[in-house]
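Structure, as structure tokens:
Numbers restart at 1 for each chain; the letters A, B, ... are given by sequence-line order, proteins then strands.
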Amino acid sequence: MISPEKLFEQIALCGFTHVVWVPDSATGLLERYLESAPQCHLVRVCREGECFPIAAGLTIGGRKPLVIIQCTGLFECGDALRNVLHDLRLPVFFIVGCRSYEAWKANPNHADTARLYTEPILKAWDIPYVIVENDADAGKIVQAHGEMLATNKTRAVLLAEP
Amino acid sequence: MELADFLSALKEVRKDQVVVTTMASAREWPNYSDGPLDLNYAPSSMGQGPALGLGIALARPERQVIVLNGDGCTLMNLGVLVTIAGLRPVNLVLFNLENGVYEVTGGQKLAGSGRVGFTGVARSAGWERVYEIKEAEELRRELPGILRGNGPVFINVKLVARPGPSPKPRRPMPETLRMLSEALAAGSAGRQAR
Ligand SMILES: [Mg+2]
């Protein structure tokens, strides 16, 4: 799992104006960094489906949003994501905490199925993504964000979680 | 009150606000206004109109954003009422158009139809400015005051159910969004220059 310091460092490098999020126990460690980040507003929402239309509105208004959710929230927000990315054709940069990613590496019969469906869902929605397993992978985040800016196409970052 | 009464009253007082419409209002509003600041949200993700309007309101705090949401849409994502109340965007106005049915799918009753009280839901979610309007005359009298002052403002408008077809976008959504983005950027530049 990437450390919150390293993750926040990468987020700060991308120059987001708003972070729209539903925390989980891993990305929740970002809270104190996000709360004290100058020039970046923290937008707390109730349910993940709200994240994508809020990010869409921010983008329409000329801002640079980042969405942070857990993979279970990714499952929840399918229609909102489909609409924003594919009907409205607005790219959104988002980070998905992949729950049980590390547990599945250790145990191929792990009880929590959250990891199993995450990558197939991203592929089904035509969303290119990178996997960040630890601090050594941190640079992939800024790189993926650069690709989104260059291509005007959505990029997701999958964070390996315990 | 008929939807047409509501829309024509809104048209009379609307100045340079962004207007986000959904479902039946997205179908009808282009007959009243169809400029760069009109975002008829179709095709949509049902229930996400207020979240879309919230994003625009947060991005452009100098610009009032008016969202027209069907009651079925509101019920589909009640949590956003709490999200909005928590963020307190002063420039967001949300009309809940209550007719008790899903109009564009043929007029089926909503879950909790006739029992749910939307103004109570909004107040409990943390909205401080909450109104309910039943008659067209009352609407015309109250609307200018409702749009003045700080939001977020929640207005429940009681409408007669008139099932009809789904909204059809008059232009491709990416083009609608490009026009809106440009209008917002130009408006912001104009305000800064003054
Ligand atoms: Mg309705």
Side-chain angles (χ1 to χ4, degrees), chain A residues 15-23 31 34-35 39-69 73-94 125 151-154, chain B residues 18 20 22 36-37 39 41-63 65 67 69 73 76-89 91-92 125-126 169 172-189:
Chain A
F16 298 111
T17 59
H18 295 76
V19 175
V20 189
W21 86 324
V22 180
E31 186 174 44
L34 296 174
E35 280 183 330
Q39 314 298 334
C40 184
H41 302 275
L42 182 54
V43 180
R44 301 173 192 274
V45 308
C46 295
R47 199 156 164 82
E48 290 83 354
E50 298 168 39
C51 293
F52 285 86
I54 291 172
L58 286 163
T59 303
I60 291 164
R63 307 301 169 192
K64 289 182 64 180
L66 164 68
V67 168
I68 306 178
I69 56 178
L74 174 73
F75 306 150
E76 189 279 323
C77 71
D79 188 58
L81 183 154
R82 174 204 59 76
N83 174 250
V84 168
L85 269 48
H86 299 303
D87 292 345
L88 310 190
R89 293 195 214 149
L90 292 173
V92 176
F93 194 74
F94 66 103
W125 295 116
T151 60
N152 205 33
K153 295 265 191 286
T154 291
Chain B
V18 173
V20 179
T22 61
L37 295 173
L39 174 46
Y41 181 34
S44 71
S45 174
M46 187 172 175
Q48 301 297 358
L52 183 60
L54 171 63
I56 298 170
L58 293 174
R60 295 289 173 185
E62 75 281 5
R63 173 84 64 169
V65 178
V67 179
N69 210 34
C73 294
M76 203 161 270
N77 190 21
L78 275 178
V80 77
L81 297 180
V82 176
T83 299
I84 292 169
L87 292 163
R88 303 171 67 84
N91 54 331
L92 187 67
M173 188 54 100
E175 191 182 332
T176 298
L177 299 182
R178 182 186 51 75
M179 287 165 54
L180 174 56
S181 283
E182 287 174 5
L184 290 172
S188 172

Find the one option among N77(B), L180(B), L52(B), I84(B) whose heavy-atom pairs under 4.5 Å with chain A are most numerous.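 Looking at each option in turn, the highest pair count goes to L52(B).
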What residue in G86(B), S181(B), G55(B) has the most heavy-atom pairs under 4.5 Å with chain A?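 Heavy-atom pair counts peak at G55(B).
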V20(A) portion near chain B, given a 4.5 angstrom heavy-atom threshold: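 Looking at V20(A), nothing touches chain B.
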Heavy-atom contact with chain B under 4.5 Å, split by part of R44(A):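 For R44(A), the backbone is the part near chain B, not the side chain.
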Please give me the minimum heavy-atom distance between [X] and [Y], naming the atom from each residue.
X      : Y       : result
A51(B) : E50(A)  : CB-O, 3.9 Å
T83(B) : V45(A)  : OG1-CA, 3.6 Å
G61(A) : L184(B) : CA-CD1, 4.2 Å
Q48(B) : G49(A)  : NE2-O, 3.3 Å
G79(B) : C46(A)  : O-SG, 3.2 Å

Among D79(A), V84(A), L81(A), L88(A), side-chain contact (heavy atoms from CB on, under 4.5 Å) partner for S45(B):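 With S45(B) as partner, D79(A), V84(A), L81(A), L88(A) yield a single side-chain contact (heavy atoms from CB on, under 4.5 Å), made by D79(A).
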Which is it for M173(B) and D87(A) under the side-chain contact (heavy atoms from CB on, under 4.5 Å) test, yes or no, and what are the steps along the way? CA-CA 7 Å; M173(B) 188 54 100; D87(A) 292 345; 5.8 Å; no
For the atom pair NE2 (H18(A)) and CG (L58(B)), what is the distance rounded to the nearest 0.5 Å?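 Those atoms lie 5.5 Å apart.
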Inter-residue atom distance R60(B).CZ - L58(A).CG, 0.5 Å rounding: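 One finds 11.0 Å between CZ of R60(B) and CG of L58(A).
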Given that the side chain runs from C-beta out, which part of L87(B) has a heavy atom under 4.5 Å from chain A: side chain, backbone, both or neither?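 Interface part for L87(B): side chain.
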Taking atom CD as the centre, does Q39(A) end up with more than 12 heavy-atom neighbours from other residues, nucleotides or ligands that are less than 6.0 angstrom away?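 No, because the 6.0 Å sphere around CD of Q39(A) holds 12 heavy atoms or fewer from other groups.
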Which is it for L177(B) and T59(A) under the side-chain contact (heavy atoms from CB on, under 4.5 Å) test, yes or no, and what are the steps along the way? CA-CA 10 Å; L177(B) 299 182; T59(A) 303; over 6 Å; no
